[in-house]
Amino acid sequence: MENQIFSLKRFGSYIGKYFSEYRSLQLQFFVLTGIFTAIMCLTGGVISFYGVITPAMFIFALVSASRMSSMFSLRANKIKFLLTPVSTLEKLLAMVFHLYVVVPLMFVVSLFVAQYAAMFITALFTLSWPHFQWPYAGIEVDASYLGLYALSYMGSSAFYLMGATIFTRHTFLKTTALALVLSFVFGGLMSVAIGMHAFSVGAFTNFENFNTVNDAGGNFVIVMSVIVTILYLGVAYLRISEMEVNETKK
Amino acid sequence: MLKVENMAFSYRRNEYLLHKVNFEITPGGVYGLLGKNGSGKSTLLYLMTGLMYPQIGSVTIEGIPSRKRTPELLSNIYLLPEEFDLPEVSIDVYVKNNAMFYPRFSREQFDNYMQIFELPAVKKLSQYSMGQKKKFIVSFALATNVPLLFMDEPTNGMDIPSKSQFRKVIALGMSDERSIIISTHQVRDLESMIDRVLLLHDNTMILNESVVDIARKLEFIRTTSKDDLQGCIYSTFTPEGFVGVRPNLDDVDTAVDLETLFNSVVANPQAIKQLFV
(Lines give C-alpha, C1' and ligand atoms only; values in the text may rest on other atoms or scores of the structure.)
Protein backbone atom coordinates (compact mmCIF):
# COMPACT_ATOMS: atom_id res chain seq x y z
CA MET A 1 0.00 0.00 0.00
CA GLU A 2 1.23 3.48 -0.87
CA ASN A 3 2.24 5.87 1.89
CA GLN A 4 -0.87 7.73 3.01
CA ILE A 5 0.95 10.95 3.93
CA PHE A 6 3.26 11.46 0.99
CA SER A 7 3.91 9.56 -2.22
CA LEU A 8 6.06 11.14 -4.90
CA LYS A 9 4.10 9.43 -7.66
CA ARG A 10 0.75 10.63 -6.32
CA PHE A 11 2.12 14.13 -5.69
CA GLY A 12 3.48 14.28 -9.23
CA SER A 13 0.09 13.29 -10.62
CA TYR A 14 -1.63 15.90 -8.47
CA ILE A 15 0.79 18.63 -9.54
CA GLY A 16 0.06 17.73 -13.18
CA LYS A 17 -3.68 17.96 -12.55
CA TYR A 18 -3.35 21.16 -10.50
CA PHE A 19 -1.55 23.12 -13.19
CA SER A 20 -3.40 21.57 -16.09
CA GLU A 21 -6.67 22.79 -14.59
CA TYR A 22 -5.30 26.14 -13.38
CA ARG A 23 -7.04 28.38 -15.86
CA SER A 24 -5.16 31.65 -15.71
CA LEU A 25 -1.51 30.58 -15.53
CA GLN A 26 -0.80 31.27 -19.22
CA LEU A 27 -2.70 34.54 -19.12
CA GLN A 28 -0.77 35.65 -16.05
CA PHE A 29 2.49 34.85 -17.82
CA PHE A 30 1.59 36.89 -20.90
CA VAL A 31 0.38 39.87 -18.87
CA LEU A 32 3.52 39.83 -16.75
CA THR A 33 5.76 39.55 -19.80
CA GLY A 34 3.87 42.40 -21.45
CA ILE A 35 4.33 44.67 -18.43
CA PHE A 36 8.05 43.89 -18.17
CA THR A 37 8.49 44.40 -21.91
CA ALA A 38 6.81 47.80 -21.69
CA ILE A 39 9.00 48.84 -18.73
CA MET A 40 12.15 47.67 -20.50
CA CYS A 41 11.17 49.52 -23.67
CA LEU A 42 10.76 52.71 -21.68
CA THR A 43 13.94 52.32 -19.61
CA GLY A 44 16.21 51.06 -22.38
CA GLY A 45 16.36 47.50 -21.12
CA VAL A 46 17.18 48.37 -17.51
CA ILE A 47 14.89 47.23 -14.72
CA SER A 48 15.38 47.60 -11.00
CA PHE A 49 15.37 44.29 -9.14
CA TYR A 50 14.48 45.58 -5.69
CA GLY A 51 12.52 48.57 -6.95
CA VAL A 52 10.30 46.87 -9.51
CA ILE A 53 10.73 43.11 -9.76
CA THR A 54 10.57 42.21 -6.09
CA PRO A 55 7.50 44.33 -5.24
CA ALA A 56 5.77 42.95 -8.34
CA MET A 57 6.69 39.41 -7.36
CA PHE A 58 5.49 39.93 -3.78
CA ILE A 59 2.17 41.36 -4.85
CA PHE A 60 1.78 38.67 -7.51
CA ALA A 61 2.53 35.87 -5.04
CA LEU A 62 0.31 37.29 -2.31
CA VAL A 63 -2.61 37.74 -4.68
CA SER A 64 -2.01 34.23 -6.08
CA ALA A 65 -1.97 32.84 -2.53
CA SER A 66 -5.20 34.68 -1.70
CA ARG A 67 -6.84 33.43 -4.88
CA MET A 68 -6.27 29.89 -3.68
CA SER A 69 -9.26 30.46 -1.42
CA SER A 70 -11.41 29.95 -4.53
CA MET A 71 -10.77 26.25 -4.01
CA PHE A 72 -12.70 26.46 -0.72
CA SER A 73 -15.13 29.34 -1.21
CA LEU A 74 -17.72 27.52 -3.30
CA ARG A 75 -19.17 24.25 -2.12
CA ALA A 76 -18.66 22.51 -5.49
CA ASN A 77 -14.97 23.49 -5.59
CA LYS A 78 -14.48 22.54 -1.98
CA ILE A 79 -15.97 19.08 -2.51
CA LYS A 80 -13.74 18.55 -5.54
CA PHE A 81 -10.69 19.71 -3.62
CA LEU A 82 -11.34 17.71 -0.46
CA LEU A 83 -12.31 14.48 -2.23
CA THR A 84 -9.38 14.34 -4.65
CA PRO A 85 -7.58 11.17 -3.57
CA VAL A 86 -4.34 12.74 -2.39
CA SER A 87 -3.24 13.51 1.15
CA THR A 88 -3.67 16.89 2.83
CA LEU A 89 0.10 17.30 2.85
CA GLU A 90 0.24 16.76 -0.91
CA LYS A 91 -2.57 19.27 -1.45
CA LEU A 92 -0.73 21.85 0.64
CA LEU A 93 2.61 21.11 -1.01
CA ALA A 94 1.05 21.67 -4.44
CA MET A 95 0.06 25.18 -3.33
CA VAL A 96 3.50 25.76 -1.82
CA PHE A 97 5.08 24.53 -5.06
CA HIS A 98 2.94 27.04 -6.94
CA LEU A 99 4.08 29.93 -4.76
CA TYR A 100 7.69 28.95 -4.13
CA VAL A 101 8.64 27.44 -7.49
CA VAL A 102 6.17 28.32 -10.23
CA VAL A 103 5.71 32.03 -9.42
CA PRO A 104 9.49 32.80 -9.20
CA LEU A 105 10.08 30.67 -12.29
CA MET A 106 7.39 32.57 -14.14
CA PHE A 107 9.18 35.82 -13.28
CA VAL A 108 12.53 34.46 -14.41
CA VAL A 109 11.14 33.29 -17.74
CA SER A 110 9.00 36.36 -18.35
CA LEU A 111 12.00 38.67 -17.64
CA PHE A 112 14.03 36.67 -20.13
CA VAL A 113 11.32 36.90 -22.79
CA ALA A 114 10.64 40.57 -21.98
CA GLN A 115 14.32 41.50 -22.37
CA TYR A 116 14.52 40.18 -25.93
CA ALA A 117 11.01 41.32 -26.84
CA ALA A 118 11.92 44.85 -25.66
CA MET A 119 15.18 44.67 -27.60
CA PHE A 120 13.38 43.89 -30.87
CA ILE A 121 10.59 46.40 -30.25
CA THR A 122 13.11 49.16 -29.50
CA ALA A 123 15.07 48.26 -32.64
CA LEU A 124 11.88 48.36 -34.66
CA PHE A 125 10.87 51.79 -33.40
CA THR A 126 14.35 53.31 -33.68
CA LEU A 127 14.98 51.60 -37.04
CA SER A 128 18.34 50.28 -35.82
CA TRP A 129 19.92 46.86 -35.39
CA PRO A 130 18.97 45.05 -32.17
CA HIS A 131 21.51 45.57 -29.43
CA PHE A 132 22.15 42.02 -28.18
CA GLN A 133 23.02 41.53 -24.52
CA TRP A 134 23.45 38.58 -22.18
CA PRO A 135 20.22 37.36 -20.57
CA TYR A 136 19.23 39.50 -17.57
CA ALA A 137 21.96 42.02 -18.38
CA GLY A 138 19.68 44.93 -17.55
CA ILE A 139 18.90 43.66 -14.07
CA GLU A 140 21.20 44.73 -11.31
CA VAL A 141 21.04 42.58 -8.22
CA ASP A 142 22.91 42.99 -4.96
CA ALA A 143 23.28 39.35 -3.98
CA SER A 144 23.80 40.11 -0.27
CA TYR A 145 20.10 40.85 0.16
CA LEU A 146 18.80 37.84 -1.73
CA GLY A 147 18.70 35.55 1.30
CA LEU A 148 16.67 37.96 3.36
CA TYR A 149 14.45 38.64 0.40
CA ALA A 150 13.84 34.92 -0.14
CA LEU A 151 12.97 34.39 3.52
CA SER A 152 10.68 37.36 3.45
CA TYR A 153 9.00 36.12 0.29
CA MET A 154 8.46 32.63 1.66
CA GLY A 155 7.10 33.93 4.97
CA SER A 156 4.71 36.38 3.36
CA SER A 157 3.46 33.84 0.80
CA ALA A 158 2.92 31.28 3.54
CA PHE A 159 1.02 33.89 5.58
CA TYR A 160 -1.33 34.65 2.67
CA LEU A 161 -1.72 30.95 1.94
CA MET A 162 -2.74 30.49 5.56
CA GLY A 163 -5.13 33.43 5.10
CA ALA A 164 -6.70 31.69 2.10
CA THR A 165 -7.54 28.70 4.28
CA ILE A 166 -9.06 30.92 6.99
CA PHE A 167 -10.91 33.60 5.01
CA THR A 168 -12.83 32.30 2.03
CA ARG A 169 -14.33 35.69 1.12
CA HIS A 170 -12.34 38.93 0.53
CA THR A 171 -9.26 36.89 1.33
CA PHE A 172 -6.60 39.39 0.30
CA LEU A 173 -8.09 42.30 2.23
CA LYS A 174 -8.79 40.27 5.34
CA THR A 175 -5.34 38.66 5.34
CA THR A 176 -3.70 42.06 4.84
CA ALA A 177 -5.73 43.42 7.75
CA LEU A 178 -4.66 40.47 9.87
CA ALA A 179 -1.04 41.06 8.85
CA LEU A 180 -1.27 44.69 9.92
CA VAL A 181 -2.87 43.79 13.23
CA LEU A 182 -0.21 41.16 13.90
CA SER A 183 2.56 43.57 12.93
CA PHE A 184 1.13 46.11 15.30
CA VAL A 185 0.73 43.59 18.12
CA PHE A 186 4.07 41.89 17.85
CA GLY A 187 6.07 44.95 16.95
CA GLY A 188 8.90 45.64 14.57
CA LEU A 189 11.16 42.68 15.30
CA MET A 190 8.42 40.14 14.77
CA SER A 191 7.34 41.94 11.63
CA VAL A 192 10.83 41.59 10.24
CA ALA A 193 10.99 37.95 11.28
CA ILE A 194 7.79 37.00 9.51
CA GLY A 195 8.70 39.04 6.48
CA MET A 196 5.69 41.23 6.82
CA HIS A 197 7.42 44.58 6.57
CA ALA A 198 8.88 43.59 3.22
CA PHE A 199 5.40 44.04 1.92
CA SER A 200 5.70 47.78 2.38
CA VAL A 201 7.47 49.71 -0.38
CA GLY A 202 9.84 51.29 2.09
CA ALA A 203 11.29 47.95 2.99
CA PHE A 204 12.17 47.19 -0.60
CA THR A 205 13.90 50.44 -1.22
CA ASN A 206 15.51 51.17 2.13
CA PHE A 207 18.59 49.00 1.86
CA GLU A 208 20.12 50.48 4.94
CA ASN A 209 17.25 48.99 6.85
CA PHE A 210 18.10 45.54 5.50
CA ASN A 211 21.71 45.99 6.51
CA THR A 212 20.65 46.98 9.99
CA VAL A 213 18.43 43.95 10.19
CA ASN A 214 21.23 41.68 9.02
CA ASP A 215 23.68 43.13 11.49
CA ALA A 216 21.34 43.21 14.44
CA GLY A 217 19.12 40.22 13.92
CA GLY A 218 21.61 37.86 12.35
CA ASN A 219 20.81 34.22 12.71
CA PHE A 220 17.94 34.91 15.07
CA VAL A 221 15.99 36.61 12.29
CA ILE A 222 16.68 33.76 9.89
CA VAL A 223 15.69 31.11 12.41
CA MET A 224 12.57 33.04 13.39
CA SER A 225 11.58 33.52 9.75
CA VAL A 226 11.88 29.82 9.07
CA ILE A 227 9.95 28.91 12.23
CA VAL A 228 7.18 31.40 11.53
CA THR A 229 6.92 30.26 7.89
CA ILE A 230 6.59 26.66 9.03
CA LEU A 231 4.03 27.79 11.61
CA TYR A 232 1.89 29.47 8.93
CA LEU A 233 2.08 26.41 6.72
CA GLY A 234 1.23 24.24 9.74
CA VAL A 235 -1.88 26.30 10.42
CA ALA A 236 -2.84 26.05 6.72
CA TYR A 237 -2.35 22.26 6.91
CA LEU A 238 -4.56 21.95 9.97
CA ARG A 239 -7.22 24.16 8.40
CA ILE A 240 -7.33 22.01 5.27
CA SER A 241 -7.32 18.72 7.16
CA GLU A 242 -10.20 19.87 9.38
CA MET A 243 -12.15 21.56 6.60
CA GLU A 244 -15.85 20.70 6.26
CA VAL A 245 -18.30 21.67 3.56
CA ASN A 246 -20.86 23.17 5.93
CA GLU A 247 -18.62 26.16 6.49
CA THR A 248 -19.87 27.64 3.23
CA LYS A 249 -23.45 28.52 2.49
CA LYS A 250 -23.35 28.20 -1.28
CA MET B 1 -18.32 -1.65 3.80
CA LEU B 2 -19.77 1.61 5.15
CA LYS B 3 -21.09 1.74 8.68
CA VAL B 4 -22.97 4.56 10.37
CA GLU B 5 -23.30 4.01 14.10
CA ASN B 6 -25.37 6.09 16.51
CA MET B 7 -24.61 9.12 14.43
CA ALA B 8 -25.93 12.57 15.24
CA PHE B 9 -25.29 15.80 13.44
CA SER B 10 -26.48 19.35 13.95
CA TYR B 11 -25.81 22.68 12.28
CA ARG B 12 -27.06 24.50 15.38
CA ARG B 13 -26.42 23.66 18.99
CA ASN B 14 -28.94 21.19 20.47
CA GLU B 15 -30.96 21.13 17.27
CA TYR B 16 -30.17 17.86 15.57
CA LEU B 17 -30.75 17.53 11.86
CA LEU B 18 -29.87 13.85 12.13
CA HIS B 19 -30.11 11.90 15.35
CA LYS B 20 -29.48 8.27 16.28
CA VAL B 21 -28.83 7.23 12.71
CA ASN B 22 -27.70 3.62 12.28
CA PHE B 23 -27.28 1.77 9.04
CA GLU B 24 -24.83 -0.14 6.93
CA ILE B 25 -24.06 -0.15 3.24
CA THR B 26 -23.00 -3.58 2.04
CA PRO B 27 -21.44 -4.35 -1.36
CA GLY B 28 -23.78 -4.75 -4.30
CA GLY B 29 -26.97 -2.78 -4.75
CA VAL B 30 -28.46 0.59 -5.53
CA TYR B 31 -29.56 2.47 -2.43
CA GLY B 32 -32.22 5.15 -2.80
CA LEU B 33 -31.83 7.85 -0.19
CA LEU B 34 -35.17 9.58 0.10
CA GLY B 35 -36.48 12.39 2.27
CA LYS B 36 -38.24 15.71 2.21
CA ASN B 37 -36.48 18.99 1.44
CA GLY B 38 -34.20 19.83 4.34
CA SER B 39 -34.42 16.34 5.83
CA GLY B 40 -30.63 15.99 5.63
CA LYS B 41 -30.10 13.83 2.54
CA SER B 42 -27.17 15.85 1.17
CA THR B 43 -25.81 16.29 4.68
CA LEU B 44 -25.88 12.52 5.16
CA LEU B 45 -23.99 12.09 1.88
CA TYR B 46 -21.38 14.59 3.07
CA LEU B 47 -21.12 12.80 6.40
CA MET B 48 -20.65 9.45 4.68
CA THR B 49 -17.92 10.83 2.42
CA GLY B 50 -16.07 12.56 5.27
CA LEU B 51 -16.89 16.09 4.10
CA MET B 52 -18.66 16.73 7.40
CA TYR B 53 -18.01 15.35 10.83
CA PRO B 54 -20.72 13.93 13.08
CA GLN B 55 -20.99 15.40 16.58
CA ILE B 56 -21.90 12.01 18.01
CA GLY B 57 -21.26 8.51 16.72
CA SER B 58 -19.16 7.44 13.80
CA VAL B 59 -19.07 6.91 10.07
CA THR B 60 -16.52 4.35 8.93
CA ILE B 61 -15.56 2.93 5.56
CA GLU B 62 -13.82 -0.45 5.83
CA GLY B 63 -13.21 0.38 9.48
CA ILE B 64 -11.53 3.74 8.79
CA PRO B 65 -13.36 6.89 9.93
CA SER B 66 -14.44 8.69 6.75
CA ARG B 67 -13.35 12.02 8.24
CA LYS B 68 -9.71 10.95 7.89
CA ARG B 69 -9.97 11.34 4.10
CA THR B 70 -6.84 9.31 3.42
CA PRO B 71 -5.84 8.88 -0.24
CA GLU B 72 -6.61 5.14 -0.02
CA LEU B 73 -10.09 5.83 1.34
CA LEU B 74 -10.78 8.61 -1.16
CA SER B 75 -9.76 6.42 -4.09
CA ASN B 76 -12.50 3.99 -3.05
CA ILE B 77 -15.33 6.51 -3.00
CA TYR B 78 -16.71 9.02 -5.46
CA LEU B 79 -19.27 11.72 -4.74
CA LEU B 80 -21.18 13.27 -7.58
CA PRO B 81 -22.56 16.46 -6.00
CA GLU B 82 -25.72 18.18 -7.17
CA GLU B 83 -23.69 21.21 -8.24
CA PHE B 84 -20.25 20.81 -9.70
CA ASP B 85 -17.74 22.63 -11.80
CA LEU B 86 -15.74 21.14 -14.65
CA PRO B 87 -12.38 22.62 -15.61
CA GLU B 88 -11.83 24.16 -19.04
CA VAL B 89 -9.93 21.21 -20.43
CA SER B 90 -10.58 18.58 -23.09
CA ILE B 91 -12.23 15.23 -22.33
CA ASP B 92 -8.92 13.40 -22.72
CA VAL B 93 -7.05 15.80 -20.44
CA TYR B 94 -9.78 15.55 -17.80
CA VAL B 95 -9.67 11.77 -17.91
CA LYS B 96 -5.86 11.74 -17.85
CA ASN B 97 -5.75 14.17 -14.91
CA ASN B 98 -8.33 12.41 -12.77
CA ALA B 99 -8.40 8.72 -13.73
CA MET B 100 -4.93 8.10 -12.29
CA PHE B 101 -6.30 8.52 -8.76
CA TYR B 102 -8.82 5.70 -9.25
CA PRO B 103 -6.94 2.43 -9.82
CA ARG B 104 -9.98 0.58 -11.20
CA PHE B 105 -10.86 3.27 -13.76
CA SER B 106 -11.79 1.83 -17.16
CA ARG B 107 -11.46 4.04 -20.22
CA GLU B 108 -13.38 1.48 -22.23
CA GLN B 109 -16.36 1.71 -19.88
CA PHE B 110 -16.14 5.50 -19.86
CA ASP B 111 -16.28 5.63 -23.67
CA ASN B 112 -19.19 3.21 -23.61
CA TYR B 113 -21.17 5.36 -21.14
CA MET B 114 -20.40 8.47 -23.18
CA GLN B 115 -21.74 6.66 -26.23
CA ILE B 116 -24.93 5.61 -24.44
CA PHE B 117 -25.45 9.22 -23.35
CA GLU B 118 -24.83 10.28 -26.95
CA LEU B 119 -22.33 12.90 -25.83
CA PRO B 120 -20.59 14.65 -28.72
CA ALA B 121 -16.82 15.07 -28.81
CA VAL B 122 -15.88 18.60 -27.75
CA LYS B 123 -12.61 20.51 -27.57
CA LYS B 124 -13.31 21.84 -24.07
CA LEU B 125 -15.70 20.54 -21.42
CA SER B 126 -17.04 24.08 -21.04
CA GLN B 127 -18.73 23.64 -24.43
CA TYR B 128 -21.12 21.11 -22.92
CA SER B 129 -24.54 22.23 -21.71
CA MET B 130 -25.43 21.71 -18.03
CA GLY B 131 -27.24 18.44 -18.79
CA GLN B 132 -24.36 17.19 -20.91
CA LYS B 133 -21.89 18.07 -18.17
CA LYS B 134 -23.97 16.00 -15.79
CA LYS B 135 -23.95 13.05 -18.17
CA PHE B 136 -20.19 13.45 -18.63
CA ILE B 137 -19.52 13.40 -14.90
CA VAL B 138 -21.89 10.45 -14.39
CA SER B 139 -19.93 8.56 -17.07
CA PHE B 140 -16.66 9.38 -15.36
CA ALA B 141 -18.00 8.51 -11.89
CA LEU B 142 -19.25 5.11 -13.02
CA ALA B 143 -16.04 4.34 -14.93
CA THR B 144 -13.97 4.87 -11.76
CA ASN B 145 -15.41 1.55 -10.54
CA VAL B 146 -15.12 2.70 -6.94
CA PRO B 147 -16.84 0.39 -4.44
CA LEU B 148 -18.88 3.30 -3.04
CA LEU B 149 -20.45 5.74 -5.45
CA PHE B 150 -22.59 8.55 -4.03
CA MET B 151 -24.86 10.62 -6.25
CA ASP B 152 -26.77 13.69 -5.14
CA GLU B 153 -29.81 14.34 -7.35
CA PRO B 154 -28.11 12.85 -10.43
CA THR B 155 -31.10 13.22 -12.76
CA ASN B 156 -31.61 16.93 -12.06
CA GLY B 157 -31.04 18.81 -15.29
CA MET B 158 -31.40 15.72 -17.47
CA ASP B 159 -34.04 15.61 -20.21
CA ILE B 160 -36.48 12.69 -20.59
CA PRO B 161 -34.34 10.53 -22.96
CA SER B 162 -31.30 11.14 -20.74
CA LYS B 163 -33.14 9.73 -17.73
CA SER B 164 -33.65 6.38 -19.45
CA GLN B 165 -30.01 6.50 -20.62
CA PHE B 166 -29.07 7.15 -17.01
CA ARG B 167 -30.94 4.04 -15.86
CA LYS B 168 -29.15 2.06 -18.55
CA VAL B 169 -25.66 3.18 -17.55
CA ILE B 170 -26.40 2.57 -13.87
CA ALA B 171 -27.53 -0.96 -14.69
CA LEU B 172 -24.36 -1.48 -16.76
CA GLY B 173 -22.14 0.01 -14.07
CA MET B 174 -23.51 -2.13 -11.26
CA SER B 175 -21.58 -5.08 -9.90
CA ASP B 176 -21.53 -7.25 -6.78
CA GLU B 177 -18.54 -5.32 -5.45
CA ARG B 178 -19.98 -1.85 -5.65
CA SER B 179 -22.82 0.07 -4.06
CA ILE B 180 -24.42 3.16 -5.48
CA ILE B 181 -26.15 5.51 -3.08
CA ILE B 182 -28.50 7.91 -4.85
CA SER B 183 -30.10 10.81 -3.04
CA THR B 184 -33.10 12.06 -4.95
CA HIS B 185 -36.51 13.66 -5.04
CA GLN B 186 -37.21 12.21 -8.46
CA VAL B 187 -38.31 8.79 -7.24
CA ARG B 188 -40.07 7.98 -10.51
CA ASP B 189 -36.76 8.29 -12.38
CA LEU B 190 -35.12 5.61 -10.28
CA GLU B 191 -37.98 3.39 -9.18
CA SER B 192 -36.97 0.39 -11.27
CA MET B 193 -33.31 0.54 -10.22
CA ILE B 194 -33.40 0.83 -6.46
CA ASP B 195 -32.64 -2.30 -4.45
CA ARG B 196 -32.86 -0.76 -1.03
CA VAL B 197 -34.66 2.27 0.38
CA LEU B 198 -33.12 4.58 2.98
CA LEU B 199 -35.75 7.05 4.12
CA LEU B 200 -35.01 10.07 6.27
CA HIS B 201 -37.84 11.56 8.29
CA ASP B 202 -38.13 13.32 11.65
CA ASN B 203 -34.34 13.69 11.96
CA THR B 204 -33.63 10.01 11.72
CA MET B 205 -33.56 7.11 9.30
CA ILE B 206 -37.09 5.85 9.62
CA LEU B 207 -36.85 3.15 6.98
CA ASN B 208 -33.92 1.05 5.84
CA GLU B 209 -35.33 -1.89 3.93
CA SER B 210 -34.79 -3.78 0.72
CA VAL B 211 -37.40 -3.33 -1.98
CA VAL B 212 -38.07 -7.08 -1.76
CA ASP B 213 -38.90 -6.82 1.96
CA ILE B 214 -41.04 -3.74 1.39
CA ALA B 215 -43.02 -5.62 -1.26
CA ARG B 216 -43.36 -8.56 1.12
CA LYS B 217 -44.67 -6.43 3.97
CA LEU B 218 -46.70 -3.81 2.12
CA GLU B 219 -49.39 -4.00 -0.50
CA PHE B 220 -49.57 -1.09 -2.93
CA ILE B 221 -53.05 -0.46 -4.26
CA ARG B 222 -54.11 1.38 -7.39
CA THR B 223 -57.84 1.49 -7.79
CA THR B 224 -60.73 3.54 -9.03
CA SER B 225 -63.00 2.42 -6.18
CA LYS B 226 -62.64 3.90 -2.73
CA ASP B 227 -63.98 0.64 -1.27
CA ASP B 228 -60.74 -1.15 -2.19
CA LEU B 229 -58.79 1.03 0.21
CA GLN B 230 -59.91 -0.75 3.37
CA GLY B 231 -57.16 -1.30 5.92
CA CYS B 232 -54.84 1.23 4.29
CA ILE B 233 -52.37 3.04 6.49
CA TYR B 234 -52.20 5.72 3.82
CA SER B 235 -54.32 6.53 0.79
CA THR B 236 -54.84 9.46 -1.50
CA PHE B 237 -56.67 10.48 -4.62
CA THR B 238 -54.68 11.04 -7.81
CA PRO B 239 -55.82 11.96 -11.32
CA GLU B 240 -55.60 8.25 -12.23
CA GLY B 241 -57.69 7.15 -9.26
CA PHE B 242 -56.89 6.11 -5.70
CA VAL B 243 -53.53 4.90 -4.45
CA GLY B 244 -52.93 3.38 -1.06
CA VAL B 245 -50.68 1.23 1.09
CA ARG B 246 -51.70 -1.43 3.56
CA PRO B 247 -50.00 -4.29 5.38
CA ASN B 248 -49.55 -7.18 3.01
CA LEU B 249 -51.54 -9.71 5.03
CA ASP B 250 -52.48 -11.92 2.07
CA ASP B 251 -48.98 -12.17 0.53
CA VAL B 252 -50.07 -10.24 -2.53
CA ASP B 253 -47.26 -9.47 -4.96
CA THR B 254 -47.39 -5.78 -5.88
CA ALA B 255 -44.73 -3.49 -7.31
CA VAL B 256 -43.32 -1.00 -4.81
CA ASP B 257 -44.53 2.49 -5.55
CA LEU B 258 -41.80 4.66 -4.01
CA GLU B 259 -43.83 7.86 -4.11
CA THR B 260 -46.73 6.28 -2.27
CA LEU B 261 -44.36 4.59 0.14
CA PHE B 262 -42.67 7.92 0.84
CA ASN B 263 -45.98 9.70 1.39
CA SER B 264 -47.23 6.95 3.68
CA VAL B 265 -44.07 7.17 5.80
CA VAL B 266 -44.46 10.93 6.09
CA ALA B 267 -48.18 10.66 6.87
CA ASN B 268 -48.08 7.70 9.20
CA PRO B 269 -44.55 7.01 10.41
CA GLN B 270 -45.59 5.01 13.46
CA ALA B 271 -47.51 2.44 11.41
CA ILE B 272 -44.58 1.96 9.06
CA LYS B 273 -42.14 1.70 11.96
CA GLN B 274 -44.23 -1.02 13.61
CA LEU B 275 -44.42 -3.01 10.40
CA PHE B 276 -40.67 -3.00 9.88
CA VAL B 277 -39.51 -3.59 13.43
Side-chain angles (χ1 to χ4, degrees), chain A residues 1-28 69-94 165 168 237-250, chain B residues 9-12 17 40 42-43 45-55 64 66-90 92-105 124-126 133 137 141 144 146 148 150 152:
Chain A
M1 195 173 78
E2 264 186 314
N3 189 308
Q4 296 299 291
I5 295 167
F6 185 81
S7 148
L8 198 60
K9 186 185 164 204
R10 204 170 50 221
F11 178 63
S13 304
Y14 185 64
I15 283 282
K17 172 182 155 66
Y18 180 98
F19 287 104
S20 164
E21 294 178 1
Y22 193 84
R23 288 174 195 172
S24 52
L25 204 63
Q26 284 174 329
L27 181 71
Q28 287 173 359
S69 69
S70 65
M71 285 189 264
F72 328 117
S73 56
L74 285 176
R75 178 171 283 198
N77 293 348
K78 202 174 193 179
I79 290 173
K80 192 167 78 173
F81 174 78
L82 292 177
L83 291 186
T84 303
V86 292
S87 69
T88 305
L89 181 68
E90 288 157 350
K91 284 170 187 166
L92 180 73
L93 285 179
T165 62
T168 51
Y237 177 86
L238 291 174
R239 285 284 305 165
I240 296 170
S241 60
E242 288 299 312
M243 212 170 253
E244 294 183 73
V245 292
N246 62 332
E247 288 172 16
T248 49
K249 289 191 176 74
K250 274 191 182 174
Chain B
F9 177 83
S10 67
Y11 283 107
R12 293 183 203 94
L17 175 66
S42 297
T43 302
L45 286 185
Y46 296 151
L47 284 159
M48 286 194 275
T49 49
L51 291 169
M52 284 183 180
Y53 309 150
Q55 275 92 16
I64 302 165
S66 62
R67 62 180 295 167
K68 289 207 167 182
R69 298 195 294 244
T70 61
E72 174 80 5
L73 190 144
L74 293 176
S75 66
N76 282 311
I77 63 171
Y78 193 96
L79 170 68
L80 175 65
E82 188 178 4
E83 287 166 20
F84 57 91
D85 186 34
L86 290 177
E88 278 186 48
V89 293
S90 67
D92 285 337
V93 169
Y94 184 88
V95 171
K96 187 175 151 271
N97 284 347
N98 293 279
M100 60 183 98
F101 299 112
Y102 301 97
R104 298 177 205 85
F105 182 86
K124 292 272 168 76
L125 291 172
S126 52
K133 280 181 184 172
I137 202 78
T144 58
V146 288
L148 278 168
F150 302 87
D152 196 359

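Proteins come first, then strands; the chains are lettered A, B, ... in the order of their sequence lines, and each starts at number 1.
Note on A/Val86, A/Ile5, A/Leu83: by heavy-atom pairs under 4.5 Å with chain B, the leading option is A/Leu83.
A/Phe81 carries A/Lys91 over the face of its six-membered ring, with the cationic atom under 6.0 Å from the centre and within 45° of the normal.
In this structure, chain A has a heavy atom under 4.5 Å from the side chain of B/Tyr46, while its backbone stays farther away. Both the backbone and the side chain of B/Met52 come within contact range of chain A, judged by heavy atoms closer than 4.5 Å. Both the backbone and the side chain of A/Tyr14 have a heavy atom closer than 4.5 Å to some heavy atom of chain B. A/Ser241 touches chain B through its backbone: at least one of N, CA, C or O sits under 4.5 Å from a heavy atom, while the side chain does not. Contacts of B/Tyr11 with chain A are made by side-chain atoms alone, with heavy-atom separations under 4.5 Å and no backbone atom involved. Residue contact with chain A, scored on non-hydrogen atoms closer than 4.5 Å, is absent for B/Leu47.
For B/Pro87, the side-chain contact (heavy atoms from CB on, under 4.5 Å) partners two or more places apart in sequence, or in a different chain, are A/Glu21, A/Lys80, B/Val89, B/Tyr94. In terms of the side-chain contact (heavy atoms from CB on, under 4.5 Å) criterion, residue partners of A/Gln4 (sequence neighbours excluded) are, by chain and number, A/Met1, A/Arg10, B/Thr70, B/Pro71, B/Glu72.
With a 4.5 Å cut-off on side-chain heavy atoms, B/Thr49 and B/Leu45 do not count as touching.
The environment of NZ in B/Lys133 is crowded: more than 12 heavy-atom neighbours from other residues, nucleotides or ligands sit within 6.0 Å.
The residues A/Lys78 and A/Glu244 are annotated as not salt-bridged, no charged nitrogen and carboxylate oxygen being separated by less than 4.0 angstrom.
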